[in-house]
Structure formats: structure tokens, C-alpha cells
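To start, the structure under review is shown below, and the notes come after it.
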Amino acid sequence: MKGERRHALITGAGSGIGAAIARRLAEEGFAVTLAGRTAERLRSVADTLPTAGCVVMDVADESSIAAGHDEAVAGFGPVEVLVNNAGVAPTAPFEETDLAMLRRVMAVNLEGAFLLSQAVLPAMRAAGRGRIVNIASTAALKPYRYTSAYVTAKHALLGLTRALALETAKDGITVNAVCPGFTRTELVERAIDGIVAKTGRAREEVLRRFTADNPQGRLIEPEEVAALVAWLVGGQTDAVTGQALVVAGGEVMG
Ligand code: NAP
């Protein structure tokens with residue numbers, strides 16, 4: 001099994017966008033390692049896939065990342081494709097965003113991607129090929145209200161993407177950010193629930209606010225994000241690096 005298929009490691013793969021990416025890359029013939037904090041969620045996705053393993057990993061914890069990376073490599077060999085997808089997006093007005101929230105959001109959305117990229121790079125450099133895809137957000141390119149920690153972390157993740165793309169440009173490795181708009185996942189459900197609870201507004205009204213940002217007037221589907229990731233890690237994309245690729249129905253242009 002080890003080394004027979006290209007190996008993709010996806011964080012936050014037990015739900016939402018990460019699960020859709022794991023399914024899509026499995027369809028494309030990858031051996032996939034699903035990483036996240038909750039074993040049952042990972043297992044429920046992995047059990048539906050032909051060649052998949054699960055690794056319990058907290059991307060906010062350096063030792064957990066190191067152990068999880070070792071376990072993934074033991075399962076399917078060196079990681080050729082890393083998808084840094086794990087993320088959290090708590091909402092709060094700026095004055096209620098304390099340092100603990102900022103640090104937590106930075107740890108999960110930024111530092112995890114930083115550390116895992118460092119973990120996979122030596123093998124990618126040795127092989128002369130590799131793909132790193134950071135699931136950022138339109139919030140990496142424009143601000144939204146009441147999400148200052150998230151907007152800060154996603155802008156920083158795009159900075160990391162660009163910096164690493166430059167340093168790996170001659171090594172057969174590409175590093176890109178995929179920037180979805182509001183996507184139909186638990187993360188958006190939780191955000192809507194929170195706004196409904198705080199404001200007492202009707203759910204449909206709050207949902208309309210989310211879809212109104214998208215000129216197509218809808219939520220993005222996780223499979224649409226996964227399709228872009230599949231393209232990026234497929235063939236003939238060597239020249240695409242250091243980019244922010246937006247999947248948002250035209251919410252961000254240019
Ligand atoms: P989701 O369903 O809540 O998925 C987030 C995943 O991250 C969960 O599976 C969660 O699993 C995992 N996770 C959270 N904290 C973690 C940690 N410390 N270590 C490891 N895994 C952790 O939300 P989603 O919408 O699919 O989000 C996926 C990514 O897309 C995020 O980076 C998010 O910022 C980005 N994004 C989402 C949207 C959107 O509208 N949904 C838009 C733009 C970008 P466990 O809790 O079991 O660990």
C-alpha cells in the first residue's frame with residue numbers, strides 16, 4: 001500500500017470542505033490521510049473511501065502535528081500533497097475580540113499550516129515535487145465585520161502562501177491559497193446560529209445576508225472548492241504558484 005499511490009494529507013477532513021476534498025482526491029486516485037481532532041468524524045468519512053487513513057491531530061499543537069505527520073508517513077509514505085484546511089471562525093465585534101481569541105484563531109488557521117508545511121517540505125524537496133494548498137477565504141482578500149481575528153489570520157495565511165511559493169519556486173513545489181466565499185458547511189451554520197441567537201433575527205433573513213455577498217446569490221458548495229483543489233494538485237499546473245484562487249461566485253474580482 002505504502003508508496004503505491006500519491007499521498008495527500010488533508011487537515012480538518014472530518015467535515016465540510018475538508019471532507020469534500022478528501023472524497024474528491026480519493027476519486028482522483030490518491031491515498032488520503034484525513035487529519036483532525038475527532039476520530040469518529042474522520043472515520044465516518046474515511047470508511048467510505050478506498051485508500052484512506054485517519055490521524056488524530058490538533059493543528060494548534062506542535063507535538064500533535066509532528067506525531068500526526070509521522071503517523072501519516074508511516075501509513076502511505078511521504079506527503080506529496082498537503083491541504084491545510086483546518087480552521088475556526090468565531091465571530092465577535094472588535095472590542096470583544098480578546099487576545100485569547102486572536103491567538104486561538106491564529107494557532108489553528110495560520111500556525112498549523114506553517115508547522116505542517118515545514119514538516120512535509122524536506123520530502124517534497126527531496127522528491128523534486130509537491131503541492132501545498134492552503135484553504136484561506138475571501139477573508140484573506142477583503143474584510144468582513146465582526147471577524148477581525150479570522151480576517152487577520154486568513155490575510156496572514158495568504159502572506160505565508162506567497163512567501164513559501166517564492167522559496168520553493170525552483171523545486172517542483174507549488175504553494176497556493178484557495179479562497180472560498182461563504183460555503184454550505186457547519187462553520188457557516190454555526191455563524192448563522194450565533195447571529196440568530198444574538199440578534200433574534202429570523203434564520204432566513206440572516207442566511208440572505210450571507211448569500212447577498214455573492215453576486216450569484218447563493219452559498220458555494222464544498223464540492224466546488226474540492227474541484228479547484230483537485231485541479232491544482234493535478235497535472236500541468238506547475239506554473240501556478242503563489243496565487244489566491246477565489247471560488248466565490250464573483251464576490252471578489254481581479
Ligand atoms: P468545518 O466543517 O467547521 O470544518 C473545519 C474542520 O477543521 C473540522 O473538521 C474540524 O474538526 C477541524 N478543526 C478545527 N480545529 C482544529 C484543530 N485545532 N486541529 C485540527 N482540526 C481542526 O468548516 P469548513 O467550512 O469546512 O471550513 C474548512 C476551511 O474552509 C476553514 O479553514 C475555513 O476557514 C475555510 N473557509 C470556510 C468557508 C465557509 O463559508 N464555510 C469560507 C471560506 C473559507 P475537529 O473539530 O473534529 O477537529
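Residue indices begin at 1 and follow the sequence shown. Order of appearance sets the numbers: ligands from 1, and atoms from 1 within every ligand.
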Provide, to 0.1 Å, the distance between atom 27 (O) of ligand 1 and the closest protein heavy atom, together with that atom's residue and name. Leu187 CD1, 3.8 Å
Provide, to 0.1 Å, the distance between atom 46 (O) of ligand 1 and the closest protein heavy atom, together with that atom's residue and name. Arg37 NH2, 2.7 Å
Where is the tightest heavy-atom contact between Ala136 and Tyr150, given as atom of each residue plus distance? O-OH, 4.4 Å
Gap separating the CD1 atom of Ile135 from the CG atom of Asn109, nearest 0.5 angstrom: 12.0 Å
Glu111 meets the side chain to side chain donor-acceptor pair (under 3.5 Å) criterion, sequence neighbours left out, with none
Sub-4.5 Å side-chain heavy-atom contact between Arg125 and Ile173: yes
Any idea which protein heavy atom is nearest atom 47 (O) of ligand 1, and the distance to it? Thr38 OG1, 2.5 Å
Run through Val246, Val233, Asn176, Val178 and flag the one making a side-chain contact (heavy atoms from CB on, under 4.5 Å) with Leu228. Val178
If we only count heavy atoms from C-beta on, is the Val81 to His7 side-chain gap below 4.5 Å? no
Please confirm whether Ala13 comes within less than 3.5 Å of ligand 1 when only nitrogen or oxygen atoms on both sides are compared. no
If we only count N/O pairs under 3.5 Å, is Asp58 in contact with ligand 1? yes
I'd like to check whether Ile17 has a polar contact with ligand 1, where a contact means an N/O of the residue lying under 3.5 Å from an N/O of the ligand. yes
Under 6.0 Å between ring centres: does that hold for Tyr144 and Phe210? no
Arg104: numbered ligand 1 atoms lying under 4.0 Å from its heavy atoms: 18 (N)
For Arg41, the ligand 1 atoms with a heavy-atom partner under 4.0 Å come out as 8 (C), 9 (O), 10 (C), 11 (O), 45 (P), 46 (O), 47 (O)
Any idea which atoms of ligand 1 are less than 4.0 Å away from a heavy-atom of Asn85? 28 (C), 29 (C), 30 (O), 31 (C), 32 (O)
Quick one: which ligand 1 atoms are inside 4.0 Å of a heavy atom on Gly12? 6 (C), 7 (O), 9 (O), 12 (C)
If you compare Gly181, Gly87, Gly16 by their heavy atoms, the one closest to atom 38 (C) of ligand 1 turns out to be Gly181
Give me the residue, atom name and distance of the protein heavy atom closest to atom 2 (O) of ligand 1. Ser15 OG, 2.8 Å
Gap between atom CD1 of Ile132 and atom CE of Met124 - 0.5 Å precision: 4.5 Å
Using distance only, find each side-chain donor-acceptor pair of residues 10-23 under 3.5 Å and give its atom names and separation, not counting sequence neighbours.
unit_1	atom_1	unit_2	atom_2	d
Thr11	OG1	Asn85	N	2.9
Thr11	OG1	Ala86	N	2.9

Within the 4.0 Å heavy-atom shell around Pro180, which atoms of ligand 1 are there? 42 (C), 43 (C), 44 (C)
Can Tyr146 and Thr97 be counted as having a side-chain donor-acceptor contact under 3.5 angstrom? no
Looking at non-hydrogen atoms alone, which of Thr183, Ile21, Leu42, Ile135 comes nearest to atom 40 (O) of ligand 1? Thr183
Residues Val225, Ile220; criterion side-chain contact (heavy atoms from CB on, under 4.5 Å); working and verdict: CA-CA 8 Å; Val225 182; Ile220 303 301; 4.0 Å; yes
Which ligand 1 atoms does Tyr150 reach within 4.0 Å, using its non-hydrogen atoms? 33 (C), 34 (O), 35 (C), 36 (N), 43 (C), 44 (C)
Counting non-hydrogen protein atoms only, what is the nearest one to atom 13 (N) of ligand 1? Give residue, atom name and distance. Ala86 CB, 4.0 Å
Considering non-hydrogen atoms of the protein only, which is the closest contact for atom 19 (N) of ligand 1, and what is the distance? Val59 N, 2.9 Å
Looking only at the side chains, is there a donor atom on one of Arg131 and Thr237 sitting less than 3.5 Å from an acceptor on the other? yes
Report yes or no: does Glu40 have a heavy atom closer than 4.0 Å to ligand 1? no
When you compare the side chain of Met101 with that of Pro90, does any pair of heavy atoms fall below 4.5 Å? yes
Please work out, at 4.0 Å between heavy atoms, whether the side chain, the backbone, both, or neither of Glu189 comes within that distance of ligand 1. neither
Enumerated ligand 1 atoms positioned under 4.0 Å from heavy atoms of Met57: 19 (N), 20 (C)
Does the side chain of Arg162 reach to within under 4.5 Å of the side chain of Val175, using non-hydrogen atoms? no
I need the contact type for Thr185 against ligand 1. Using non-hydrogen atoms and a strict under-4.0 Å cut-off, is it side chain, backbone, both or neither? side chain
Is it true that Arg190 lies under 4.0 Å from ligand 1, counting heavy atoms only? yes
So which bit of Ala136 gets within less than 4.0 Å of ligand 1, heavy atoms only: side chain, backbone, both or neither? backbone
Sub-4.0 Å atoms of ligand 1 with respect to non-hydrogen atoms of Phe182: 40 (O)
Ala19 near ligand 1, heavy-atom distance under 4.0 Å? no
Which value, rounded to the nearest 0.5 Å, describes the distance between Phe30 atom CZ and Arg5 atom CZ? 10.5 Å
With a cutoff of 4.0 Å, is Gly112 in contact with ligand 1, counting heavy atoms of the residue only? no
